[in-house]
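In what follows, every chain begins at residue 1, and chains take the letters A, B, ... in the order their sequences are listed. Source: prediction; values computed, not measured.
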2 protein chains.
Amino acid sequence: MNIGKAAKLSNLTVKTVRYYADIGLVKPLKNCSTGYRDFSDDDLAQLQFVAKARRFNFSIQECEELLSLYSDKNRSSKEVKALTLEKISEIDAKLIELKDLRHQLSFLANNCQGNDRPECPILDELSNA
Amino acid sequence: MNIGKAAKLSNLTVKTVRYYADIGLVKPLKNCSTGYRDFSDDDLAQLQFVAKARRFNFSIQECEELLSLYSDKNRSSKEVKALTLEKISEIDAKLIELKDLRHQLSFLANNCQGNDRPECPILDELSNA
DNA sequence: CTTTACACTCCACTTACTGGAGAGTTTATA
DNA sequence: TATAAACTCTCCAGTAAGTGGAGTGTAAAG
């Protein structure tokens, strides 16, 4: 598929997908005559994965590492599993933090209902968190 | 408190806190004679809030907006509530996505246990997600 | 009283994009 | 079949949000 479709299906911009191809994070085939990139379904899957991981601040390098786990036949499955479990526990920490952030904001929304809003409630809330 | 303590308590680096002060995201007092920044508890609370929000890719500008809700007495509480609720629904979407990412990785970890790892399971998993 | 830890400014560098110019390609429409 | 609209390409400059390091001043501990 062309870059436009790959971008749409992975929720990335065309610019970003092109950038990922430039740095070698994905390696689409290239039509020699037109110069157009040609993305396979696997390329798309990788883009979708990267898009998701990037939204949670996993760096490009970390994404690369995770992706390479599957292509590098020399790695032992122990290694694969270890890195994966490490990332999962990072995700668990993020989940807790994100729930916490949600809690703080919803506390704020509920305490700012009245028209005569008093002193800022969030700073107190935040201070003793 | 000094910048070092503020950084430690907000899980930011000294460099980053200094940067936030430079761009006016927080406004610590400044000791005229030494030039040292002096962070109040409120400054710290703001840093903690920003640290958390930034970890989930809320931009500096969004952080600024959220923080300003509390200091700007001219805003109506309706406005405060609307923006806050908007951010909460963004967080809900992120929560779903993050859980999904966790699921994908744990699926992978479980399917890479054996020593003779077969073809990559994640790409299949990702493709039909 | 001096070493160690911490603070400051300033400036260059990095990561991960983003925007725009200029030009070729493909598709839909007149 | 012509031509306009939509899509693609490269290249280059700019942005957001830091990060690293040099050179220097301040404070606390031994």
Side-chain angles (χ1 to χ4, degrees), chain A residues 1-40 43-44 46-68 87 90 94 97 101, chain B residues 1-40 43-44 46-68 87 90 94 97 101:
Chain A
M1 72 193 77
N2 278 353
I3 199 169
K5 192 173 176 195
K8 183 158 280 173
L9 293 176
S10 57
N11 282 306
L12 294 167
T13 66
V14 167
K15 280 271 179 184
T16 300
V17 174
R18 200 171 280 136
Y19 172 71
Y20 287 165
D22 285 350
I23 63 173
L25 190 54
V26 282
K27 297 177 176 47
L29 293 176
K30 229 171 171 185
N31 182 321
C32 303
S33 60
T34 64
Y36 281 24
R37 293 171 184 85
D38 182 16
F39 294 81
S40 70
D43 291 328
L44 175 62
Q46 298 200 14
L47 286 174
Q48 288 170 336
F49 178 79
V50 170
K52 210 168 282 182
R54 284 292 301 134
R55 258 170 255 138
F56 296 101
N57 282 332
F58 288 104
S59 71
I60 296 267
Q61 211 192 20
E62 286 174 301
C63 292
E64 217 159 356
E65 256 177 88
L66 283 165
L67 288 178
S68 81
K87 293 302 166 191
E90 280 175 40
K94 277 176 205 271
E97 235 191 336
L101 185 60
Chain B
M1 73 192 75
N2 278 353
I3 198 168
K5 192 174 176 193
K8 183 156 279 174
L9 293 176
S10 57
N11 282 305
L12 293 167
T13 65
V14 167
K15 280 273 181 184
T16 300
V17 173
R18 200 172 281 136
Y19 172 71
Y20 288 166
D22 285 350
I23 63 173
L25 190 55
V26 282
K27 297 177 176 48
L29 294 175
K30 228 171 172 186
N31 184 322
C32 303
S33 60
T34 65
Y36 280 25
R37 293 171 184 86
D38 181 16
F39 295 81
S40 70
D43 291 327
L44 175 62
Q46 298 200 14
L47 286 174
Q48 288 170 336
F49 178 80
V50 170
K52 209 168 283 182
R54 284 292 301 132
R55 257 170 254 138
F56 296 101
N57 281 333
F58 289 102
S59 70
I60 296 268
Q61 212 193 20
E62 287 174 300
C63 292
E64 217 159 358
E65 255 177 89
L66 283 165
L67 288 178
S68 81
K87 294 301 165 192
E90 281 175 40
K94 276 174 206 271
E97 234 191 338
L101 185 61

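Under 4.0 angstrom from either OP1 or OP2 of C:dT9 there lies at least one side-chain N or O belonging to B:K30. For D:dC9, the OP1/OP2 oxygens have no side-chain nitrogen or oxygen of A:T34 closer than 4.0 Å. Dashed line: the shortest gap from a side-chain N or O of A:T16 to OP1 or OP2 of C:dA16 is not under 4.0 Å.
At least one donor-acceptor pair under 3.5 Å links the side chain of A:D43 to the backbone N or O of A:S40. A:T16 contributes no side-chain N or O that, together with a main-chain N or O of A:L12, makes up a donor-acceptor pair within less than 3.5 Å. Formation of a donor-acceptor pair under 3.5 Å by the B:N31 side chain with backbone atoms of B:S33 is found in this model.
A:L66 has its side chain within reach of A:K87: a pair of non-hydrogen atoms, C-beta onward, lies under 4.5 Å apart. Contact annotation: the side chain of B:E62 never approaches that of B:R54 to less than 4.5 Å [non-hydrogen atoms, C-beta and beyond].
Between the P atom of C:dT15 and the CD1 atom of A:I23 lies a distance of 10 Å, rounded to the nearest Å. As rounded to whole Å, 17 Å separates atom P of C:dG24 from atom CG of A:N31. Computed from coordinates, the B:D38 CG to C:dC6 P distance equals 18 Å when rounded to whole Å. One atom, CZ of A:F56, and another, P of C:dA16, lie 17 Å apart when rounded to the nearest Å.
Residues passing the side-chain contact (heavy atoms from CB on, under 4.5 Å) test with A:K27: none are found, sequence neighbours excluded. Scanning for side-chain contact (heavy atoms from CB on, under 4.5 Å) contacts around B:N57 gives A:N57, B:K94, with sequence neighbours left out. In this view, A:E64 satisfies the salt bridge (charged side-chain N to carboxylate O under 4.0 Å, His left out) rule with no residue, not counting sequence neighbours.
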remark   = Protein heavy-atom contacts under 4.0 Å, written 5' to 3' over nucleotides 12-17 of chain D as B (base), S (sugar-phosphate only) or - (none), form the string -----B
task = With side-chain contact (heavy atoms from CB on, under 4.5 Å) as the test, would you mind laying out the steps for B:L9 and B:M1 before giving the verdict?
result = CA-CA 11 Å; B:L9 293 176; B:M1 73 192 75; 4.2 Å; yes
Distances under 3.5 Å between protein N/O atoms and the N/O atoms of nucleotides 6-8 of chain D, please, pair by pair.
{"residue": "D:dT8", "atom": "OP1", "partner": "A:G4", "partner atom": "N", "Å": "2.6"}
{"residue": "D:dT8", "atom": "O4'", "partner": "A:Y36", "partner atom": "OH", "Å": "3.3"}

Filtered N/O pairs between nucleotides 28-30 of chain D and protein, under 3.5 Å:
none

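The shortest heavy-atom contact between A:V14 and A:G4 is CG2-CA, 4.1 Å.
Expressed to the nearest 0.5 Å, how far CD1 of B:I3 lies from CZ of B:F39 amounts to 4.5 Å.
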